[in-house]
Protein chains: 2
Amino acid sequence: MRTIEWDEGTVTIVDQTKLPDETFYLSMTKCDEVASAIQEMKVRGAPLIGVAAAYGLALTAYHSKAKTRAALMRQMETSAKTLKGTRPTAVNLFWAIDRVLSKARGTIGSAKTVARVVVDEARGMADEDVEINRKIGANGSKLICDGDVLLTHCNAGSLATVDYGTALGVIRTAWEAGRKIRVIATETRPRLQGARLTAYELKRDGIPVTLITDNMVGYAMSQRLINKVVVGADRIVRDAVVNKIGTYTIAVLAHEHGIPFYVAAPTSTFDLAQASQDVVIEERSRDEVSYIGSERVTPAEVDVLNPAFDITPMKYVSAIICETGVLSPAEFLQAASA
Amino acid sequence: MRTIEWDEGTVTIVDQTKLPDETFYLSMTKCDEVASAIQEMKVRGAPLIGVAAAYGLALTAYHSKAKTRAALMRQMETSAKTLKGTRPTAVNLFWAIDRVLSKARGTIGSAKTVARVVVDEARGMADEDVEINRKIGANGSKLICDGDVLLTHCNAGSLATVDYGTALGVIRTAWEAGRKIRVIATETRPRLQGARLTAYELKRDGIPVTLITDNMVGYAMSQRLINKVVVGADRIVRDAVVNKIGTYTIAVLAHEHGIPFYVAAPTSTFDLAQASQDVVIEERSRDEVSYIGSERVTPAEVDVLNPAFDITPMKYVSAIICETGVLSPAEFLQAASA
């Protein structure tokens with residue numbers, strides 16, 4: 001199945017906090033449940049939380065007992081506010097919510113009509129996400145050669161999207177095209193998305209993957225074990241790529257070793273109106289660092305920093321792979337200033 | 001108490017795999033027990049494993065029933081071989097064993113006399129380690145200013161030495177001299193020495209410490225949260241510093257951000273006859289990455305790399321702080337070629 005599914009007023013996801021050991025399907029019928037799932041990272045990954053938010057609004061619309069279009073719009077606005085408060089950094093969340101709201105606002109007709117349009121829009125966005133990822137894969141796979149060893153960080157795979165993935169979409173397309181490649185995945189502390197999700201996805205597809213801790217990247221590059229980096233993005237502003245914490249560290253190391261650093265992300269991740277100083281970096285709970293599973297790994301009450309994302313200036317980015325093509329930072333900046 | 005103690009044929013250590021939650025004292029009377037404790041990282045840290053190995057030989061000598069000097073020497077050689085097989089990278093292990101063996105070989109007299117000399121030598125080395133760390137602290141603390149925020153990696157503290165520490169010795173001396181400093185400690189995957197040991201040591205001493213995951217270093221530097229780095233070393237060869245995996249990544253980031261990168265280590269860590277290509281990097285069990293405590297955090301059977309150390313070329317090192325002073329890489333190279 002897809003990472004997120006809609007069926008007659010029920011949204012079902014795989015709870016990503018329980019992977020890889022347990023495949024637990026979580027079915028939700030209320031927007032608030034979707035908001036909690038996003039906040040708790042049961043669904044995560046910028047493209048996926050965009051679609052999940054759209055489905056959250058669809059749940060509100062589908063189950064609404066509103067008699068009037070205006071009453072439905074008020075309910076949708078409330079849901080939108082809740083959803084927007086879940087996570088501040090990935091722009092797809094805001095993009096998706098605004099797209100659905102704007103579609104609803106532009107629809108003439110009864111509450112029922114608007115609700116139907118909202119559900120259709122959300123479902124369309126889910127289908128679109130898969131198509132976009134396929135295009136990202138096709139565009140990016142041209143950069144991948146036989147024998148490449150690709151480093152990826154966090155999970156920008158089918159589990160971060162509706163299906164197929166962005167960075168892992170590129171890797172998947174290259175693999176399906178017969179290129180002999182291998183992947184090195186960073187475990188990605190604190191939430192271990194690389195260890196839990198990327199390793200799981202790639203193993204399942206038979207793509208050779210080796211796991212390393214985040215602090216091994218420099219050593220692996222110095223030993224020439226890595227020759228390209230492909231990561232996803234949560235937001236791409238005019239001057240930088242915002243992505244999972246640790247991305248910037250990898251980008252600096254790639255730069256120092258002359259290794260290409262590619263970012264694969266849909267254009268819905270682009271936020272050309274903003275620059276890096278405008279971006280709010282989500283600070284998450286200290287317990288994500290202090291505990292691993294049920295186990296506390298630090299002294300009690302130790303002070304912890306836990307920024308969920310970091311900011312990679314464009315000078316470290318070799319190219320941005322999106323559904324419309326492969327953009328050099330210069331081409332991206334041109335698009336940004338257009 | 002010190003991290004390692006000798007009392008009439010018994011060596012007692014704090015089992016560092018159980019910290020910070022449990023302070024478990026492990027008493028040993030056989031050299032093989034010491035060798036296992038080193039291998040399983042119940043004792044770790046280059047200076048400490050040097051002294052532990054010396055005490056391992058002292059246990060062999062102290063409890064020996066050898067009638068002749070030659071028979072005792074054969075037992076000692078066997079113990080030395082076992083100890084040398086525990087961990088290949090930190091040079092202090094080999095340095096300490098060779099120093100004790102050489103002392104024994106140079107001693108004229110009965111088995112009993114040699115045994116006494118061996119025990120005295122090991123005890124002397126333990127005392128010396130503390131003195132050396134105090135000197136490293138005094139030399140290094142001159143580099144530390146009021147308001148500094150110091151990044152350290154892994155644990156180069158009292159728990160990595162007999163007492164006081166090398167990198168943390170520098171920090172401790174600066175703190176005791178009244179300098180207003182703060183420490184950012186990396187958790188140091190896979191064994192979490194930073195989260196478990198450094199955070200514990202510094203909290204115990206009241207030195208302000210904030211914990212981050214290893215992949216947050218780049219972000220923290222880019223946000224100007226760190227203005228100096230101080231780490232220990234397991235071996236310093238002609239052209240590079242060998243230290244806990246992740247050190248090289250930090251050094252490259254420090255270089256990129258113009259942040260001084262200091263290495264604090266005793267001269268017993270110097271291995272001037274060798275260059276980086278001569279160093280064997282210990283590859284440890286995949287389970288150290290796959291499991292955290294009793295919890296498996298990866299899919300079963302995933303391929304893992306687990307190098308325990310990495311190699312930082314001298315170009316990234318601002319200075320080496322040792323018991324004789326603060327050496328620039330140029331001064332170190334001069335010493336190396338002398």
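Reminder, nothing fancy here: chain letters follow the sequence lines and each chain counts from 1.
Annotation: B:Gln277, atom CD; neighbour count of heavy atoms from other residues, nucleotides and ligands within 6.0 Å is above 12. At most 12 non-hydrogen atoms from other residues, nucleotides or ligands lie less than 6.0 angstrom from CD of A:Glu301. With a 6.0 Å radius and a threshold of 12 heavy atoms from other residues, nucleotides or ligands, B:Arg182 has its CZ atom at or below the threshold. Heavy atoms of other residues, nucleotides or ligands lying less than 6.0 angstrom from NZ of A:Lys18 number more than 12.
Considering only heavy atoms from C-beta on, B:Val289 comes within 4.5 Å of A:Thr213 through its side chain. With a 4.5 Å cut-off on side-chain heavy atoms, A:His153 and B:Asn215 count as touching. In this structure, the side chains of A:Asp303 and B:Val209 stay at 4.5 Å or more apart for every pair of heavy atoms. Annotation: side chain of A:Tyr248 is not in contact with side chain of B:Met216 (no heavy-atom distance under 4.5 Å). Residues B:Val302 and A:Lys203 meet the side-chain proximity criterion, which asks for heavy atoms closer than 4.5 Å. Residues B:Val297 and A:Ile292 have side chains in contact (heavy-atom distance under 4.5 Å, counting atoms from C-beta outward). Contact of the B:Thr298 side chain with the A:Leu211 side chain is registered, since non-hydrogen atoms from C-beta on lie closer than 4.5 Å. Contact of the B:Thr249 side chain with the A:Thr249 side chain is registered, since non-hydrogen atoms from C-beta on lie closer than 4.5 Å.
Between A:Glu256 and B:Lys315, at least one side-chain N (NZ, or NE/NH1/NH2) sits under 4.0 Å from a carboxylate O, which counts as a salt bridge.
Only the side chain of A:Pro20 has a heavy atom closer than 4.5 Å to any heavy atom of chain B. When heavy atoms are compared at a cutoff of 4.5 Å, A:Arg296 approaches chain B by way of both its backbone and its side chain. A:Leu225 touches chain B through its side chain: at least one heavy atom from C-beta onward sits under 4.5 Å away, while N, CA, C and O do not. B:Leu197 does not touch chain A: none of its heavy atoms, backbone or side chain, sits under 4.5 Å away. Looking at A:Ala300, only its backbone comes within 4.5 Å of chain B, counting heavy atoms on both sides. If you measure heavy-atom distances from A:Thr186 to chain B, you find no contacts under 4.5 Å at all. Heavy atoms closer than 4.5 Å to chain B are found nowhere in A:Leu19, neither backbone nor side chain. Interface residue A:Leu192: only side-chain heavy atoms are found under 4.5 Å from chain B. Residue A:Asp214 touches chain B through its side chain alone, counting heavy-atom pairs closer than 4.5 Å.
By number of non-hydrogen pairs under 4.5 angstrom with chain A, the leading residue of B:Thr210, B:Ile184, B:Ile250 is B:Thr210. Contact tally against chain A (heavy-atom pairs below 4.5 Å) for B:Thr247, B:Ile311, B:Val252: the top residue is B:Val252. With respect to chain B, the highest number of heavy-atom pairs below 4.5 Å among A:Ile245, A:Asp310, A:Ile281 belongs to A:Ile245. Here B:Arg196 is the residue among B:Met221, B:His255, B:Arg196, B:Arg286 with the most heavy-atom pairs under 4.5 Å with chain A. Ranked by heavy-atom pairs shorter than 4.5 Å toward chain A, the options B:Pro299, B:Gly218, B:Pro313 are led by B:Pro299.
Here the straight-line distance linking atom CD of A:Glu295 with atom CG of B:Asp21 works out to 8.5 Å at 0.5 Å rounding. Rounding to the nearest 0.5 angstrom, the gap separating the CD atom in A:Glu187 from the CZ atom in B:Arg189 is 4.0 Å.
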